[in-house]
Every structure is written in C-alpha cells, then in structure tokens.
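Report on one structure; see the data block that follows.
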Amino acid sequence: MNENPGFSLIGKTVLVTGASSGIGAHLARVASDAGARVVLGARRVERLQQLADEIRQTGGEAMAVALDVTDRDSVEAAFDAAQAAFGVVDVVLNNAGIGNGQRVLEISEADWRAILSTNLDGVWRVAQCAAQRLAKAQRPGSIVNIASMLGLRVGTGYSHYCAAKAGVVQLSKSLALELARYQIRVNAIAPGYFKTEMNDEYFDSEKGQAYIRDTVPMRRLGSLQELEGPFLLLASEAGAFMTGAVLAVDGGHLVGSL
Ligand code: NAI
C-alpha cells in the first residue's frame with residue numbers, strides 16, 4: 001500500500017500573511033480545504049474576519065489576526081495569538097507584498113524603503129519568527145515564500161521590487177541551508193502574472209492585454225487555481241525532500257524568447 005501522506009495538511013496550522021486579498025486569500029482557502037487550521041494575517045482585519053467566517057461555514061477552522069509584517073511586535077503578537085488558539089505554526093505562506101511601478105530616477109528614499117521593508121524585510125521577519133518557534137518546540141515545518149519572476153529577471157519601473165524579490169530568492173535558499181538541521185524546509189514560488197488588486201487596472205487595459213499576448217509564451221495570465229498545486233507541494237509532506245527550491249509558475253514567461 002502506498003503510505004505517502006501526499007498533499008494533505010490535516011493536523012497542521014498554516015499562517016498566511018497578506019491573506020486579505022489575491023493570492024493569499026485564495027491559498028488560505030486552499031490550505032483549509034487540505035485540512036489545515038488557518039491563521040489569516042493582514043492589516044485589514046475586517047476583510048480577514050469575512051474570510052474566516054466563510055472558511056468556518058465550509059467546516060474549516062480559521063482565525064483572523066492583525067498583522068503588519070513591517071513591525072516586529074505585530075509579527076510576534078500574531079504568532080502568539082495563533083499559537084494560543086491553534087498551537088505552534090507548522091507552515092507559513094509568506095505572501096504579503098506591495099508593488100508600485102516607478103522609474104529609478106523618480107524613486108524616493110521613502111518609496112525604496114517601503115518596498116524593501118514589506119517585500120524583503122517582512123519575509124525575513126516572519127520566517128525568522130516562525131523558525132525560532134518551530135526550533136524551540138522541536139517541530140518540523142515548511143516556509144513558503146512568494147517571490148516573483150521579477151526576482152529572477154528584471155522589468156522596467158520595478159528596480160526596488162526586483163531587488164527585494166531577488167533578495168527573497170536568496171534569502172529562501174540561505175534559510176533552507178541553515179534550517180534543514182531543524183527539519184524546517186524553506187522554498188519559494190516565483191509567480192508570473194496573475195490578476196489581483198495589485199495589477200488589475202493594468203491587465204484590464206488594452207496595453208496590459210497586449211503585453212501579456214506578446215511576452216508570455218502561453219499568451220495569457222495565470223489563474224489563482226494554478227498556484228494551488230505548487231503551494232500544496234511545498235507546504236505538505238509531498239515535498240518532504242524539497243528545500244531551497246524556487247518554483248516558477250509563469251506560463252513560460254521566464255523562458256520567453258529574447
Ligand atoms: P494583493 O495586493 O491582492 O495582496 C497583497 C496582500 O499583502 C494584501 O492582502 C495586502 O494587504 C498585504 N500586505 C501588504 N503590506 C502588508 C503588510 N505590511 N503587512 C501585512 N500584509 C500586508 O496582491 P497579490 O498579487 O495577491 O500579491 C501577493 C504576493 O504575490 C505579493 O508578495 C506579490 O509581490 C506577489 N506576486 C504577485 C504577482 C501577481 O501577478 N499578482 C506576481 C508575482 C508576485
């Protein structure tokens with residue numbers, strides 16, 4: 001008999017940062033459907049409450065916590081609340097992020113800091129907090145960081161975002177190396193373009209649609225459903241021997257013809 005536990009998250013506590021919209025909200029539902037207790041973290045708690053209610057109505061277990069990844073105290077408090085309600089967090093989806101297209105000559109110190117502070121420092125802070133608690137409890141865990149294909153290649157108007165996401169890629173590999181001895185796996189997903197609140201205006205425009213047709217080999221945006229398999233692979237025991245990997249989920253965008 002095949003005893004592979006597969007993609008199940010039964011018995012696991014999963015904390016999702018930036019769970020109030022887009023990829024985070026979607027994958028939080030997916031984690032619940034896979035059997036996890038889900039901790040929804042973001043700054044907009046009222047939106048999280050709605051999602052938590054929705055998950056409970058489908059028979060899942062979920063809680064909403066106020067979480068600002070740029071603030072150490074807020075991150076620690078969110079993990080404390082999660083732990084008090086559901087036990088030590090086993091799986092983290094480090095998803096919170098912001099994006100703002102700006103040419104390099106126009107980026108202010110504050111713009112630069114805002115992007116780096118959320119997209120790179122925040123990922124480090126949440127991952128470290130999760131790992132410290134897992135190591136202390138001597139429990140295995142999985143950290144899944146949402147990077148971007150812009151962490152592997154570059155695009156005009158995104159120098160701060162590209163630098164932060166490239167940092168997430170290297171951070172994921174470094175953490176994988178150091179945390180393997182604690183049975184904590186760290187991997188990254190590098191999404192291509194998925195329509196969410198971050199970019200919907202652009203992708204609804206003729207210019208945005210032409211860009212996708214012309215540059216993505218599969219000639220379309222991704223659907224959030226297409227992130228489910230990669231996330232569950234990395235989060236669950238199905239990926240038990242994977243650490244330090246960066247999975248591109250991008251319709252071939254990274255291998256687009258030069
Ligand atoms: P989104 O704007 O719908 O979601 C981002 C979430 O992060 C929101 O819930 C927002 O409230 C939260 N957030 C922002 N700053 C935060 C903070 N300081 N503390 C806590 N939460 C905070 O956008 P989307 O697309 O779902 O983005 C999710 C992740 O995916 C981001 O890291 C983004 O960079 C990444 N990504 C998205 C792509 C796309 O095409 N949508 C492509 C590649 C990467």
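Here the structure is a predicted model, which means the values were calculated and not measured. Counting starts at 1 for both ligands and their atoms, following the listed order.
Using a distance-only test at 3.5 Å, with no hydrogens or angles considered, a donor-acceptor pair links the side chain of R185 to the main chain of M242.
Protein heavy atom nearest atom 25 (O) of ligand 1, with residue, atom name and distance: T196 OG1, 2.5 Å. Closest to atom 35 (C) of ligand 1 among all protein heavy atoms lies I146 CG2, 3.6 Å. Atom 12 (C) of ligand 1 has as its closest protein heavy atom G18 CA, 3.6 Å. At the shortest separation from atom 26 (O) of ligand 1 among protein heavy atoms lies I23 N, 2.8 Å.
Here the closest non-hydrogen pair linking A127 and L175 is CB-CD1, 3.7 Å. Nearest heavy atoms, M198 versus G97: CE-O, 3.5 Å. Scanning both residues, I184 and A135, for their nearest heavy atoms gives CD1-N, 4.3 Å.
The option from Y202, F194, F203, Y161 that lies nearest to atom 36 (N) of ligand 1, judged by heavy atoms, is Y161. Of the candidates A164, G97, A42, the one placing a heavy atom closest to atom 5 (C) of ligand 1 is G97. Counting only non-hydrogen atoms, the option in L224, N119, N95, I115 that gets closest to atom 28 (C) of ligand 1 is N95. The closest non-hydrogen atom to atom 38 (C) of ligand 1, taken over G192, S148, G41, comes from G192. Remark: among candidates R47, H253, R44, the nearest residue to atom 10 (C) of ligand 1 is R44, based on non-hydrogen atoms.
Between the CE atom of M63 and the CG atom of L15 there is a distance of 9.0 Å, given to the nearest 0.5 Å. For the atom pair CD1 (I115) and CG (L120), the distance works out to 11.5 Å, reported to the nearest 0.5 Å.
By the 3.5 Å distance cut-off applied to N or O atoms, A19 is not counted among the residues near ligand 1.
Counting heavy atoms closer than 4.0 Å to ligand 1, residue V69 contributes atoms from both its backbone and its side chain. No part of L150 comes within 4.0 Å of ligand 1, judged by heavy-atom distances.
Comment: R133 engages E76 in a salt bridge, judged by a side-chain N to carboxylate O separation of less than 4.0 angstrom.
Judged by distance alone, the side chains of Q128 and R72 do bring a donor and an acceptor atom under 3.5 Å apart. H26 and E228 share a side-chain donor-acceptor pair at under 3.5 Å.
Assignment of K165 to the shell around ligand 1 is supported, since a heavy atom sits closer than 4.0 Å. Between A147 and ligand 1 there is a heavy-atom distance shorter than 4.0 Å. Within the 4.0 Å heavy-atom shell around ligand 1 one does not find T17.
With a 6.0 Å radius and a threshold of 12 heavy atoms from other residues, nucleotides or ligands, R219 has its CZ atom at or below the threshold.
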